[in-house]
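Chain letters run A, B, ... following the sequence lines, proteins first and then strands; every chain starts at 1. Please read all numbers here as calculations on a predicted model, not as lab measurements.
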2 protein chains.
Amino acid sequence: MKDVAQRAGVGVSSVSRVLSGNPDVSPVMRNRVMDAVAALGYEKDLIAQGMRSGATSSVGFMAVDIANPIIAAASAGAIRELRNNGYSLLISSSDGSKELDADYIRSFQLRRVEGLLLSVADEEDARTLGALEQFRAALVFMDRAFPRSIKASAVVYDHRSGMAAAVDHLLELGHRKLALINGAPRVRPARERANAVRQAIRRVSDASVVVRGGSYSASHGYDACKLLMSSDSPPTAIIVGGNQILQGVMAALVELGLKVPDDVSLVTLDNVPLAEFISPSLACVTRDPVTMGTLGAELVLELIHGGAPRTVELPTTFVPGESCAAPRS
Amino acid sequence: MKDVAQRAGVGVSSVSRVLSGNPDVSPVMRNRVMDAVAALGYEKDLIAQGMRSGATSSVGFMAVDIANPIIAAASAGAIRELRNNGYSLLISSSDGSKELDADYIRSFQLRRVEGLLLSVADEEDARTLGALEQFRAALVFMDRAFPRSIKASAVVYDHRSGMAAAVDHLLELGHRKLALINGAPRVRPARERANAVRQAIRRVSDASVVVRGGSYSASHGYDACKLLMSSDSPPTAIIVGGNQILQGVMAALVELGLKVPDDVSLVTLDNVPLAEFISPSLACVTRDPVTMGTLGAELVLELIHGGAPRTVELPTTFVPGESCAAPRS
DNA sequence: CTCCTGTCTGGAATCGTTTCGACCAAGACT
DNA sequence: AGTCTTGGTCGAAACGATTCCAGACAGGAG
C-alpha cells in the first residue's frame with residue numbers, strides 16, 4: 001500500500017480512502033490511485049485489514065461430523081451463501097467430542113470470526129455452555145436447543161410433523177408395537193423425534209412404542225435392533241433415527257434372517273443416494289439439508305449486520321415406501 | 001498483552017517471550033507472567049500474531065463439491081490431522097466452476113493461508129494455472145496432475161490397478177464389448193481411468209471398449225447409458241466412473257427395462273453407504289478417501305516446515321459383486 | 001483585501017503481536 | 001582492578017491496513 005501511495009505520489013491514507021470507497025476523494029485522485037494499483041497488481045491484505053478494523057470477513061462452521069452427508073450438504077449451502085457476501089468459512093469437526101466442541105468455540109474466538117454456525121455434540125455440556133456464554137460474535141445454532149441466556153439465532157427442523165406422519169402411517173397399516181432406535185438424547189433432533197413419536201402413538205389407545213436412545217452409530221443400531229427383535233414381544237415396525245444407525249439395523253436384520261417388510265416394517269431418516277434402487281424401497285422422513293446451510297448463513301449475516309436474533313423452522317416430510325406393510329397377523 | 005505485562009510488572013516483550021516458549025527467560029519471570037495470564041484470562045490474538053509473524057496457522061481446502069461423500073471424507077481427514085498440529089482449515093467449494101477456482105486461489109492468498117489442499121475443476125484452465133503460478137504458499141494437489149513448473153506435493157490414487165482388475169474380471173467372465181461412462185476428461189482421475197481401461201482391454205484381442213466422457217453428473221450417466229444401450233451392438237458390461245453418474249445410469253437401465261446382471265453387467269466407483277443391501281450387490285472400484293485428506297494434510301505440513309515436494313500414491317481396489325455375471329450368449 | 005467555509009489531502013496514531021538492539025548486573029577471566 | 005562474557009530484561013520498531021486530526025487550498029462573502 002505504501003508502494004502504491006509512492007507510485008501515485010499521494011499519501012497512504014488517500015489510497016486507503018479510494019480503496020474503501022470513501023466519498024471524500026476527488027476524481028483525479030481516484031484515477032491516479034487506481035492506475036498505480038493496476039500497475040503494481042496490488043491487493044489488500046485481509047489479515048492486516050482484520051487486525052485494524054476487527055472485521056475478518058470470516059465465519060466459523062462446526063458440527064459433529066463434517067463427513068455426514070446431511071452436514072456436508074449444509075456446509076456446502078453455507079459456503080455458497082457466504083461466498084456471495086464476501087465471507088470465508090473456517091470449518092471444523094468435533095468428531096462427537098464435547099471437549100473439542102468447547103475448545104473449538106474458543107479457537108474460533110481467537111481467530112476473531114464474525115459469526116459461528118454451530119451444531120454441538122452435547123447441548124448440556126458445562127464447558128461448551130461456558131465457552132458459548134463468553135463467545136462474542138454472531139451465533140447461529142443448527143438444529144440445537146440452547147438456554148435463553150445465550151443470545152443467538154437458530155435454524156431448526158420441525159421433526160415432529162414428519163415423525164407424526166410416519167407413526168400415523170404405521171398405525172393405519174395396523175401396527176401396534178413400534179420401536180424408535182434413536183440417536184444421542186442430549187441433542188435436539190433426537191429429543192424431538194422421541195417426543196413426537198410418543199405423542200403420536202397416543203392417538204390409538206392400544207398402541208405402544210419403545211424408544212432406545214444411544215448414539216448416532218452403526219453399532220448402536222445393531223445392538224438395539226438385536227435386543228428388540230429377540231425380546232418376548234418384538235415390535236412389528238422400527239423407526240430408525242439416523243443413517244449411521246440404519247447400517248447397523250440392516251446388518252442385524254440380515255443376521256436375524258428377518259425380511260423387510262414381511263417380518264418387520266422399517267422407516268428411516270434422510271434419504272440416502274440410490275435408495276430408490278434398494279429393494280424394498282425405504283420409507284423415510286426427509287428434510288432439505290442445503291437450505292439449513294444457506295439459511296444459517298443468512299441468519300448469521302443478519303446478526304453480523306446488527307439484526308435481532310430469530311429462529312427459523314424448516315419442514316420435514318414423510319415419504320412412504322415398500323418397507324412399510326401391514327404386520328403379519 | 002499490555003495488561004498482562006502491567007499486572008506482572010514486566011515488559012511486554014517478556015510476556016511475549018514467555019508465551020512463545022523462548023528459552024531466554026528466568027523461572028521467576030515465567031511464573032509471574034503465567035500468574036498474570038491466568039488472573040486475566042488472557043489469550044493470544046491469532047490475527048495479530050499472523051499479522052506480525054506471517055504465520056496464520058491456517059490452510060485452505062478447495063474441491064469441486066464439498067458435499068460429495070469422497071470429498072467430505074477427505075476434508076474430515078484433513079481437519080483432524082491439521083487440528084492435531086494447531087492449524088485451522090478454510091474451506092470452499094468451486095461448484096465445478098473454473099472461474100471460482102481461480103478466484104478462490106487468489107482469495108486464499110489474500111487470507112495468507114500457509115498452505116492449500118486443492119482439487120481443481122479443470123487442470124488446463126489458463127486463469128487457474130495463472131493463479132497457481134502466483135500462489136506463494138505450500139501447495140498440495142488432491143488427485144490432480146499439474147505442470148512441472150508448479151512446485152507442489154500431491155496425493156494421487158492409483159486408478160489404473162483398480163480399473164485393470166475390474167476389466168480383467170469382466171474379460172474373464174467372457175465380456176468382449178465394454179463401455180466406460182466417464183467423468184470430465186480434464187481432470188486426472190477420469191483420464192487415468194480411461195487410459196487404464198483402454199490398456200487392460202488389449203490383453204484380449206477381440207475385446208473392445210467405448211469410452212464416453214462428459215461430466216460427473218447424473219444426467220450425463222443417463223444420456224450416455226441410453227445412447228449406448230440402444231446402439232446396434234450394445235456393450236455387455238458398463239463401468240461407471242462416479243457415484244453421481246451411477247444415479248443416472250441406474251435410472252436409464254430401469255427405464256429401458258434392463259436387468260443387472262442379466263442384461264448388462266455393472267461395475268461402479270466408490271462404495272456407497274448401504275450398497276451391501278442393494279440387490280444385486282454392486283461390484284466396484286474403491287479407495288480410502290479419509291487417507292487422502294490426512295495424507296494431504298501431512299504433505300502440506302511437511303512443505304510448510306520446509307520439506308521438499310513429493311507425490312504419494314494411494315491404492316484402489318476392485319471389489320467383485322453380483323452385478324457382474326457372464327454375458328448372455 | 002481579509003476572513004471564513006468547505007473540500008481534499010497527508011501525517012501520525014492505532015490495532016496486538018514479535019523481534020531486534022540496547023542495556024544492565026553479576027560472575028569469570030587476565 | 002578492569003574487561004569480557006553471559007543471562008535476563010526492556011523499549012521501540014515493525015507488520016499493513018484504517019481513521020482521526022489538522023493543514024492546505026480554493027472560492028465566496030463582507
Subject >> Which nucleotide in C:dT9, C:dT17, C:dG16 has an atom nearest any side-chain atom of A:Ser26 >> reply: C:dT9
Original post:
Do A:Glu81 and A:Tyr87 meet the criterion of a side-chain donor-acceptor pair at a distance under 3.5 Å?
Top reply: no
Subject >> Polar contact flag, side-chain donor to acceptor under 3.5 angstrom, A:Ser58-A:Glu114 >> reply: no
Original post:
Counting side-chain heavy atoms from C-beta on, which of D:dA17, C:dG16, C:dC15 comes nearest to B:Asp45?
Top reply: C:dG16
Original post:
Do any side-chain nitrogens or oxygens of A:Lys44 fall under 4.0 Å of OP1 or OP2 in D:dT18?
Top reply: yes
**OP:** Starting from C1' on C:dG11, measure out to NZ on A:Lys2 and report it in whole angstrom.
**Re:** 13 Å
**OP:** Ignoring hydrogens and angles, tell me if any N or O in the side chain of B:Arg310 forms a donor-acceptor pair with the backbone of B:Ser153 under 3.5 Å.
**Re:** no
**OP:** Starting from C1' on C:dG16, measure out to CG on B:Asp3 and report it in whole angstrom.
**Re:** 11 Å
**OP:** For A:Asp24 and D:dC21, give me the distance from atom CG to atom P, rounded to whole Å.
**Re:** 15 Å
Original post:
Could a donor-acceptor pair under 3.5 angstrom be found where the side chain of B:Arg52 meets the base of C:dT17?
Top reply: no
Subject >> SB check B:Arg106 A:Glu43 (cutoff 4.0 Å) >> reply: no
**OP:** Would you mind telling me which of D:dC15, D:dT18, C:dT17 lies closest to the side-chain atoms of A:Met1?
**Re:** D:dT18
**OP:** Give a yes or no on whether a salt bridge exists between A:Arg83 and B:Asp95, defined as a side-chain N under 4.0 angstrom from a carboxylate O.
**Re:** yes
Original post:
Given atom CG of A:Asn31 and atom C1' of C:dT9, what is their separation to the nearest angstrom?
Top reply: 16 Å
Original post:
What integer distance in Å separates A:Ile47:CD1 from D:dC15:C1'?
Top reply: 11 Å
Subject >> Nucleotide nearest B:Ser53 (side chain, heavy atoms from C-beta), chosen from D:dA17, C:dT18, C:dT17 >> reply: C:dT18
Original post:
Is it the case that more than 12 heavy atoms not belonging to B:Met1 sit under 6.0 Å from its CE atom?
Top reply: yes
Original post:
Crowded around A:Glu124 CD? As in, over 12 foreign heavy atoms under 6.0 Å?
Top reply: yes
Original post:
What's the CZ-C1' distance between B:Arg30 and D:dT9, to the nearest Å?
Top reply: 14 Å
Original post:
Could you give the CE-to-C1' distance, from B:Met51 to D:dG16, as a whole number of Å?
Top reply: 4 Å
Original post:
Is the phosphate of D:dT18, meaning OP1 or OP2, less than 4.0 Å from a side-chain N or O of A:Gln49?
Top reply: yes
Original post:
Which part of the nucleic acid, if any, lies within reach of B:Arg112 when heavy atoms closer than 4.0 Å are counted: base, sugar-phosphate only, or nothing?
Top reply: sugar-phosphate
**OP:** Can you sort out which residues in residues 5-23 of chain A have a heavy atom within less than 4.0 Å of DNA chain D? Ascending by number, please.
**Re:** A:Ser13, A:Ser16
